[in-house]
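Please read the structure below before turning to the comments.
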Amino acid sequence: MSSPSVLLIGSGGYVGHFVSEQCLRNRSRLRRLAILTTEEKRSKFSDIEARGMEIVLGPFDSPESFKGFDTVICMLGNHAMKRQPAIIDAAVSAGVNEFYPSEFGSDISQGGYLTNRYFRDKQVTRRHLVEMAKRVPEFNYTYLLTGGFAEFALEPIFGTDIEKHTFTFYGTPDKQEPFTAIRDVSKYLVESLFLPKSPTQERQFRVIGGLYAWGDIIDMVERIQEVKYTHTYLPQQAAVDAAAECAKKGDVDGELAFSLKALMGDTKEIGVPKPWDNDKFDIEPEGLEDSLKRFFGERKGSKICLL
Ligand SMILES: NC(=O)c1ccc[n+]([C@@H]2O[C@H](COP(=O)([O-])OP(=O)(O)OC[C@H]3O[C@@H](n4cnc5c(N)ncnc54)[C@H](OP(=O)(O)O)[C@@H]3O)[C@@H](O)[C@H]2O)c1
């Protein structure tokens with residue numbers, strides 16, 4: 001088993017927090033482990049640095065920042081995702097031969113995900129990875145596809161209001177969606193570092209906590225909160241029309257939100273269709289009802305508790 005030398009980008013974010021902690025737990029299995037950040041952001045990482053995480057200071061687009069690492073895990077959020085092609089160029093120039101792009105969600109190589117506005121910058125990154133792999137035969141990249149995070153299942157964008165106890169969905173109650181708890185996402189990611197490379201330069205791990213119908217999810221929430229919800233199921237086409245209307249008015253946030261709702265309600269689209277790769281890992285994922293119990297238990301005000 002090889003011992004990778006791993007550089008993390010976007011460690012201060014939601015995914016980054018869990019993945020950094022999981023990497024640190026596995027520190028002895030890694031040749032080197034560091035977070036790439038800049039001097040201005042360094043203080044954000046003082047706690048984890050004190051617990052043994054190396055901090056590398058430098059710009060994301062300079063090969064100098066990547067010297068000495070073979071693996072980069074990028075966890076940038078939606079607003080910074082467009083920086084990934086420049087990061088890949090710099091990393092490969094410095095000798096990085098394994099890149100995990102910021103994915104951690106649905107399989108965007110299928111159906112409506114290919115053209116949905118929400119995933120545009122992820123698609124640009126994917127195309128860049130393919131081109132880079134053609135030019136550099138020793139370069140590999142890995143997609144970790146986990147479906148939605150269990151902790152995000154009740155986000156208002158998916159139609160749930162956990163204060164007003166309402167659920168509004170542009171589709172039918174039997175529409176299914178895959179969900180995985182963020183702690184399991186970070187475990188799968190770190191364990192994948194030690195699995196064999198694929199014979200092709202692209203490797204994918206489709207690892208899912210479970211597939212759940214929205215009607216069943218709201219039943220779980222009702223049991224946990226001990227309250228009945230008002231369920232409203234609207235035609236999926238209404239979300240498609242609302243997204244188009246927002247686009248016409250130049251309302252980008254509205255367009256993104258409704259295009260995502262339309263995708264969620266479309267019965268042809270299952271975020272990560274089978275086959276899944278769970279059996280390649282010795283990990284028992286948490287079921288959604290347990291994740292949601294934890295979510296409500298950890299919730300402070302309306303914020304998700306990260307610690
Ligand atoms: N499947 C799901 O349900 C789900 C849910 C959430 C996220 N995700 C995916 O997970 C990935 C990470 O998302 P996230 O929610 O963890 O991201 P996030 O918390 O919004 O941001 C992650 C990090 O990106 C960097 N960043 C953000 N905006 C930036 C900017 N304008 N300039 C420079 N850096 C910036 C910051 O890095 P530093 O900390 O280093 O400053 C930030 O901590 C994304 O691919 C996202 O789509 C999936």
Side-chain angles (χ1 to χ4, degrees), residues 7-23 34-49 53-61 65 72-84 86-87 99-108 113 116-126 129 141-160 177-186 188-189 205-212 217 256-257 260-261 263-264 269-272 285 288 291-292 295 303-304 306:
L7 186 64
L8 306 171
I9 297 184
S11 290
Y14 183 74
V15 172
H17 165 81
F18 287 95
V19 171
S20 304
E21 292 295 337
Q22 188 63 18
C23 284
I35 286 173
L36 177 61
T37 190
T38 52
E39 186 60 54
E40 310 85 76
K41 289 189 177 177
R42 184 177 194 155
S43 59
K44 232 164 112 170
F45 303 105
S46 46
D47 169 59
I48 199 161
E49 188 177 6
M53 179 69 82
E54 180 186 344
I55 305 294
V56 171
L57 298 177
F60 289 174
D61 56 1
S65 306
V72 169
I73 302 176
C74 187
M75 299 166 288
L76 290 176
N78 284 336
H79 288 282
M81 206 93 71
K82 52 173 117 31
R83 301 183 66 182
Q84 289 192 115
I87 292 172
F99 193 90
Y100 284 72
S102 191
E103 285 265 339
F104 321 117
S106 298
D107 177 0
I108 60 166
Y113 289 91
N116 191 286
R117 167 71 168 81
Y118 196 84
F119 303 105
R120 184 186 62 192
D121 293 337
K122 287 189 177 180
Q123 298 288 6
V124 169
T125 299
R126 281 187 170 219
L129 288 166
Y141 54 95
T142 300
Y143 298 136
L144 192 82
L145 307 177
T146 61
F149 299 161
E151 293 78 359
F152 280 59
L154 306 182
E155 282 288 294
I157 197 161
F158 298 131
T160 314
E177 207 55 54
F179 285 103
T180 310
I182 181 65
R183 283 167 197 176
D184 294 330
V185 170
S186 65
Y188 285 118
L189 175 49
F205 293 109
R206 305 162 80 85
V207 282
I208 300 298
L211 190 60
Y212 301 91
I217 295 172
L256 288 176
L260 200 57
K261 287 174 195 289
L263 202 54
M264 291 294 129
E269 312 281 2
I270 299 284
V272 185
L288 184 61
S291 302
L292 294 179
F295 167 84
K303 285 227 178 291
I304 296 171
L306 300 188

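Keep in mind that what you see is a predicted model, and the values were worked out from it rather than measured. No hydrogens, no waters, no symmetry mates; every other heavy atom, side chains included, goes into these values. Counting from 1, the numbers follow the sequence of the chain as shown. Ligands are counted one by one from 1 in listed order, and the atoms in each one are counted from 1 as well.
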* Qualifying residue for side-chain contact (heavy atoms from CB on, under 4.5 Å) with V15, from L189, I182, I73 -> I182
* To do: Evaluate the ring planes of Y14 and F152, with Trp represented by its six-membered ring, and classify them as parallel (under 30°), tilted (30 to 60°) or perpendicular (over 60°).
  => perpendicular
* What are the two closest heavy atoms between R42 and T37, and how far apart are they? -> CA-CG2, 4.3 Å
* Structure fact -> Within the heavy-atom cut-off of under 4.0 Å, ligand 1 is lined by G10, S11, G12, G13, Y14, V15, K41, K44, F45, M75, L76, G77, N78, A80, M81, R83, S102, E103, F104, G105, K122, G147, G148, F149, F152
* Regarding R126 and the six-membered ring of Y143, is the cationic atom NZ or CZ under 6.0 Å from the ring centre and inside 45° of its axis? -> yes
* Asked: Short question: side chain of S291, backbone of A150 - any donor-acceptor pair under 3.5 Å?
  -> no
* Asked: What is the ring orientation for F179 with F158, classed by angle as parallel under 30°, tilted 30 to 60°, or perpendicular over 60°?
  -> perpendicular
